[in-house]
Novice: 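Below you'll find the structure I mean.
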Amino acid sequence: MNRADASVPQSLTQPSTTDGRVIALEAQLKQALQHIADLEARDALKTQFLANISHDLRTPLTAVITHAEILRDGILGPLSDRQLDSISGIISGGRQLLEQVGEILTYARGAANQLTITRTTFEFAEVLAQLSALNESLVSKKGLTLATDVQRDIAPLHADREKVFHIVGNLLGNAIDFTPQGGRVWVRAFGINRDGRDELVVEVGDTGIGISSEHHDLVFREFAQVDSSASRQHHGTGLGLTIARKLVELHGGRIWLESELGEGSRFYFTIPYALP
Amino acid sequence: MPSLPHVLVAEDNALVADAMRLLFEETGHRVTTTGSIVDTVAAAAADEVDLLLLDLGLSDGDGLAVLAELTSRHALPRVTVALTGRDEQEITDRCLAAGCRAVMLKPVPVGELLRKSKEWLAVSEDAPASD
């Protein structure tokens, strides 16, 4: 210590020591805040890059798919059955890639808070019927059964139809993807009143491989697949549940799951009837 | 013999423009392709357009600027349809407000695009050129 310590009571030297520490802490805090701001700026740049690149990827895909459809539809002349199968494969692959690119774009917009809700009034049962029809061939190819049950006399939703479609589509797609041959997948929808607020609850369940409780939060995080081992042939962007959560939250709803490893999964989400 | 309907494809990506040219030429249309606002305006002003398929992102700016310019030159196509890679409602609203008959998300399935084009061209025969 310095010479002053000998003649001045320690209590009087304390404020200056404390001041010094406060100044040092303030400097550290400033540095940390600057660091956070830098990281946030970099994160925003990366998100913008994702949005740009996924938008740019659509353009060449558009050319590929359009040319393939011109061939498939016989506009340049008739094709043999085998040629038709092959060209249909190109189109399916291209459209699947397009969907995945679209998911990345939706995620990037969600992360940058650029997603907005456009509300219309519609029946949830219609959304579900449309999704059931879309997934019919995949369900039967895997030998699964898909059951749907929407509570009768349920009120129409006043929400963003496309986004509700997207949420259920992602949950249903996962359920089908993670349920082995011969399993069951179901979607139920019913109304509840929670804390004086009317909500639609949607359950998407399956008898698939399930998720252990320690991973329940992880599955909603971006780019996460709980088990990344090569033996699990589940491909995708890893964004489906992150996007579903974002879209549910945009509506002021909640999303969660009940599941145990080997016991199937039940994902739930709510959409409030009243505007948030 | 009646002349073939004139389709103007305003699209700044040559691969996509080529695909659209092939599609419409093979199905009985006369096709012009352009990639910029300037070229699109010049092409539409020089040769009356029955159907303009308008990409929103042209090389020199917002594709909808084409419509404002053609309006002032009294050279609007009979029908304009926006083809876009983005499906947000605000973009749809902006296109419709600018005078587009429809907004379609790329890549539009070719069967659907041909079917719709036939409808638009049939309707436009009876409609005034400023439609």
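Predicted model only: the values in this text are computed from it and were never measured.
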Novice: In Å and rounded to the nearest 0.5 Å, what is the CG to OG1 distance from B/Asn13 to A/Thr59?
Specialist: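 Going from the CG atom of B/Asn13 to the OG1 atom of A/Thr59 covers 5.5 Å.
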Novice: Mind checking the CD-CD1 spacing from B/Glu26 to A/Ile70? Nearest 0.5 Å is all I need.
Specialist: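 Output value for this atom pair is 8.5 Å.
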Novice: Find out whether B/Pro107 and A/Arg58 are in side-chain contact, i.e. whether some heavy atom of one side chain is under 4.5 Å from a heavy atom of the other.
Specialist: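 The answer is yes, as the side chains (C-beta and beyond) meet within the 4.5 Å cut-off.
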Novice: Nearest 0.5 angstrom please: A/Leu76 CG to B/Leu22 CG, how far?
Specialist: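 The distance works out to 5.0 Å.
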Novice: Taking only heavy atoms into account, what residues of residues 108-116 of chain B are found under 4.5 Å from chain A?
Specialist: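 At a heavy-atom separation under 4.5 Å, chain A is reached by B/Val108, B/Pro109, B/Val110, B/Gly111, B/Leu114.
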Novice: Counting heavy atoms not belonging to A/Phe190, are there more than 12 under 6.0 Å from its CZ?
Specialist: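 Buried by this count: over 12 neighbours within 6.0 Å.
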Novice: Can you see which heavy atom on A/Ala63 is nearest to which on B/Ala19, and at what distance?
Specialist: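 Looking at all heavy atoms of both residues, the closest pair is O-CB, 4.4 Å.
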Novice: Under 4.5 Å from any heavy atom of chain B, what part of A/Ile65 do you find: side chain, backbone, both or neither?
Specialist: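 When you check distances to chain B, only side chain atoms of A/Ile65 fall under 4.5 Å.
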Novice: So which part of A/Thr66 gets closer than 4.5 Å to some heavy atom of chain B, the side chain, the backbone, both or neither?
Specialist: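 Looking at A/Thr66, backbone and side chain both touch chain B.
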Novice: When you look at CD of A/Glu136, are more than 12 heavy atoms from neighbouring residues, nucleotides or ligands closer to it than 6.0 Å?
Specialist: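 No.
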Novice: Considering residues, nucleotides and ligands other than A/Glu203, do more than 12 of their heavy atoms fall under 6.0 Å from its CD?
Specialist: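 Enclosed: over 12 neighbouring heavy atoms sit under 6.0 Å from CD of A/Glu203.
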Novice: Which distance, rounded to the nearest 0.5 Å, do you find between the NZ of B/Lys106 and the CG of A/Leu98?
Specialist: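 If we round to the nearest 0.5 Å, B/Lys106:NZ and A/Leu98:CG are 11.5 Å apart.
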Novice: Rounded to the nearest 0.5 Å, what separates atom CG in B/Leu15 from atom NE2 in A/His67?
Specialist: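 If I round to the nearest 0.5 Å, the distance is 7.0 Å.
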